[in-house]
Amino acid sequence: MATTDKYDRQLRLWGASGQRALGNTMVVLLGSSACGTETLKNLVLPGVGSFLVVDDGDEASSSEAAAAAQGVQKCPELDSSMLQFGEQSSNFFLPAPSKVATGGDDGNNNKKLSKAAISCALLSELNPDVLGFHYTVPSLEGLDYSALLEKIKQGPPSDGSSSSAATTTTLPQKILVIAADQPSTVTLPLSYECHNRSIPLLVVRSYGLLGYARIQTATPYHCITEAKKSNRIPDLRLSAWPLFEGLKNVASTVSNLDEMDDTKDHSHVPFVIVLLQALDKWRGTVVSAPFNPDPAVRPRYPETFQEKEDFRKLVKGMAKNNNEINFEEAIREAHLTWVDGRVSDEVKEVLDRVDEKDFFASAVKSEMDVEGSATSSVPAHVLQFQLLALALKRFLKQNDDYPPLEGKIPDMTSDTARFVALQEAYQKQAEQDRATICQIAKALLDECKQASNGCDLHVSIPSDDEIVTFCKNSRYLRILETRPLFAEYKVQDPASPTLSILKPTSFENIPNFDTIQADARDDLQSAMFDPYETDPIQTPLLWWIALRACDAFYDRHEHYPGKHEQELALESDANEVYKFMTQIATNLGLSECDFIKEHLLDSSKGKDLAREVVRYDEAEIHNIAAVVGGVASQEAVKLITGQYVPFDDTYVYNGIASTAGVYRF
């Protein structure tokens, strides 16, 4: 169907709520490399609210200090000189240095635009709905990230127009930070400040023929209400006992299928009713499932493989001929009569992470909050998720662990009257369940207010749409918690001089550090049993260790290996990189893994890996950057919208063999 809405196709993926979340987000990009601009390009096109490109100035730029003094600036106007790309340019959004007239009536007052300004102008051209800003600093390594992030959180930039001013004052601004191709001297302090301010961080890297994207979730965790599971099971509650009243009433409209003489009517009975009557007949054939008139006693359901097969045969035998599609549907969906509709263990783990006392403590504003000198350590959207999760926990206790009914039935062969009646029954019960959840949430807020000693709350009752979305997806709730990058770095390279940048207290009281550490080691060891089949040496994890060794090299020498072209210097760099590779593998707990012993700790094979990354000399190849940027932007959308499940926590791309892997560090 034709439409004038340029966002029409993506709205079918993440809906209006997801698009609003995108439009209410500011993306801060540190570094205008090819990988960074590719990632940001894929966020500008779908309509992120605004973006800020932060980068250091060219060494030859005389206006660098002046640009830094001016602070954040709005996007410059596009000029033809910005489109003059060099033959060897590795970044389609960053041409060779150009001069553009930026002042003076006669146009002779020329100033060289910074990398941040040029990339900002070219990216803004892709979508006029997105506000672009840039900020040029003398050095990203010396930037005060605490002050920068705090300034952005307090008040996002504006282009000066009345519409943008209205937007920034009426909507709470979400922030996503992306660090592109930055050394540890930038990523570690940035990681620490993002962790402290509960801002999600995405680190992307393109290094020769290799690349990776690493997610650092906001504290305390990333909430996923709409996981959008591809194999969702219809929520029909055929295995729940007792059946809810509306379903029983619709089922009672067909007294006995075997006595129904009208073949047309018989072939249009919804498969839901067919299965319920088949269950009653099956129980009569099973010795261990005698009829019990007490409705409080849960009857038997098919359990063993043989019982399930017998049940399907019984359903098939109830058909009057082989052309009744409704009975074919009943046979195909027979599993719905024994599938447990209670919440899964995964959802229970999510709910167990939400503690009522902790929620009350985080939800109440302190006197400092009232004065405006501090805010809740837990973001508002997480508090709303916790509020609904606590309401769900109480709901489950009242309903034998059954979550709110989804209220949607699949297409099925049926006459109109019964299908509409069935649909209305499910929708009515779903509305009742949602009303119960809403009442419980209000009761929780009342309890919170009573315990607040008159203080205001950081959280309010969610909107009707938010409650509807939560209830519909309550069977698939997820959270994602990753270890902060700076904490991961200390485990992998504890002797790195870069760690001295951080405060000694930075590594204290990191939530669930030991649990994530143990799980990550188990996951890595399990991953070693599934190497790249064609050529095990191309397993992405091996190349990630080599890249991390290059970071360790940079920490000691302030440049990446391969800077000097002399053969002896290159071999010396390779030997040192290999030494760091073995140390990192040991610190990851992989030194006893047979695969690592064979392909990395074996000096011949391991040094070949080291020589290859040394050969790259931090080269930037745009097609590799495009792959990594595409994956990173996809995960960024998941983090922004709270829909779909992001990877946990590092995606590694090996462009040599065109293979990739996801690992948890």
Side-chain angles (χ1 to χ4, degrees), residues 217-241 244 298 301 303 335-336 338-363 378 381-407 429-430 433-434 436-441 443-444 447 459 462 466-483 511-520 522-523 638 642-649 664:
T217 55
T219 53
Y221 40 70
H222 172 63
C223 310
I224 307 167
T225 302
E226 299 180 73
K228 296 189 181 290
K229 200 172 180 180
S230 58
N231 55 340
R232 289 175 73 113
I233 299 173
D235 189 16
L236 299 180
R237 302 291 169 92
L238 301 184
S239 62
W241 188 262
F244 63 88
R298 180 180 172 84
Y301 292 84
E303 295 177 357
H335 63 282
L336 297 178
W338 57 75
V339 167
D340 193 353
R342 298 178 178 89
V343 291
S344 64
D345 291 339
E346 286 181 313
V347 174
K348 288 180 179 178
E349 289 178 7
V350 172
L351 298 179
D352 288 343
R353 289 292 306 276
V354 184
D355 181 77
E356 198 167 288
K357 291 182 179 179
D358 292 341
F359 169 76
F360 283 0
S362 301
V378 180
H381 72 279
V382 176
L383 286 173
Q384 283 206 334
F385 177 87
Q386 292 178 343
L387 173 64
L388 292 175
L390 289 172
L392 178 60
K393 289 173 77 170
R394 293 188 180 184
F395 182 93
L396 294 176
K397 287 181 180 179
Q398 300 170 7
N399 293 274
D400 192 27
D401 276 349
Y402 282 96
L405 191 67
E406 194 170 314
Q429 184 61 41
D433 289 349
R434 286 196 288 271
T436 303
I437 287 286
C438 188
Q439 290 173 359
I440 297 173
L444 281 165
E447 294 174 25
V459 62
E466 289 171 330
I467 295 175
V468 168
T469 300
F470 182 88
C471 290
K472 282 185 176 181
N473 294 279
S474 57
R475 294 186 295 155
Y476 303 104
L477 300 178
R478 296 290 184 271
I479 60 174
L480 176 64
E481 180 184 13
T482 64
R483 185 163 51 177
N512 305 306
F513 180 89
D514 293 334
T515 302
I516 297 176
Q517 168 84 349
D519 292 346
D522 290 343
D523 290 348
K638 296 176 184 178
Q643 300 180 20
Y644 302 93
V645 181
F647 57 65
D648 182 13
D649 54 52
R664 190 180 185 192

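Throughout, residue positions are numbered sequentially from 1 according to the sequence presented.
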Please assess Ile224 against Glu226 for the test side chain to side chain contact (heavy atoms under 4.5 Å, CB included), listing each intermediate value before the final yes or no.
-> CA-CA 6 Å; Ile224 307 167; Glu226 299 180 73; 5.9 Å; no
Side chain to side chain contact (heavy atoms under 4.5 Å, CB included) evaluation trace for Phe360 with Glu447 = CA-CA 9 Å; Phe360 283 0; Glu447 294 174 25; 3.9 Å; yes
Could you walk me through whether Val645 and Leu480 pass side chain to side chain contact (heavy atoms under 4.5 Å, CB included), step by step?
-> CA-CA 8 Å; Val645 181; Leu480 176 64; 5.9 Å; no
Evaluate side chain to side chain donor-acceptor pair (under 3.5 Å) for Arg232 paired with Asn473, printing each intermediate quantity in order.
-> CA-CA 10 Å; Arg232 289 175 73 113; Asn473 294 279; 3.1 Å; yes
From CA spacing to verdict: salt bridge (charged side-chain N to carboxylate O under 4.0 Å, His left out), Asp648, Arg664 | CA-CA 6 Å; Asp648 182 13; Arg664 190 180 185 192; 3.4 Å; yes
Given the rule in the side chain to side chain contact (heavy atoms under 4.5 Å, CB included) test, do His222 and Ile479 qualify, once you have shown the distances and angles that lead to the verdict?
-> CA-CA 5 Å; His222 172 63; Ile479 60 174; over 6 Å; no
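A cation-pi geometry, defined here as NZ or CZ lying under 6.0 Å from the six-membered ring centre and within 45° of its normal, does not hold between Lys229 and Tyr476.
Asp401 and Lys348 make their closest contact through OD2-NZ, 3.6 Å (heavy atoms, listed as atom of the first residue, atom of the second, distance). In terms of heavy atoms, Phe385 sits closest to Leu477 at CE1-CD2, 4.3 Å. Here the closest non-hydrogen pair linking Val378 and Pro220 is CG1-CD, 4.2 Å. The two residues Pro462 and Leu387 make their nearest non-hydrogen contact at CD-CD2, 3.8 Å.
Leu390 places none of its side-chain heavy atoms less than 4.5 Å from the side chain of Arg394. Within the 4.5 Å cutoff, the side chain of Thr219 has no heavy atoms near those of the Glu481 side chain. Inter-residue side-chain proximity for Ser344 and Arg475 is flagged as unmet; no heavy-atom pair is nearer than 4.5 Å. Taking 4.5 Å as the limit, every side-chain heavy atom of Ser239 sits out of range of all side-chain heavy atoms of Leu336.
Atom-to-atom distance recorded for Asp649:CG and Arg483:CZ is 8.0 Å, nearest 0.5 angstrom. In this structure, the separation between CG on Asp355 and CD on Gln386 is 9.5 Å, given to the nearest 0.5 Å. Note that CG of Asn399 and CG of Asp433 are 6.5 Å apart. Values are rounded to the nearest 0.5 Å. Between atom CG of residue Leu238 and atom NE2 of residue His335 there is a gap of 10.0 Å, rounded to the nearest 0.5 Å. The line from OG1 of Thr482 to OH of Tyr221 is 14.0 Å long, rounded to the nearest 0.5 Å. Atom CG of Leu444 sits about 10.5 Å away from atom NZ of Lys393, to the nearest 0.5 Å.
With hydrogens and angles disregarded, no donor-acceptor distance shorter than 3.5 Å links the side chain of Ser474 to the backbone of Pro403. A donor-acceptor pair under 3.5 Å links the side-chain atoms of Asp235 to the main chain of Glu406, judged by distance alone. For Asp400 (side chain) and Tyr402 (main-chain N/O), no donor-acceptor pair under 3.5 Å exists by modelled atom type.
When the shell of 6.0 Å around NZ of Lys638 is examined, it contains more than 12 heavy atoms from other residues, nucleotides or ligands.
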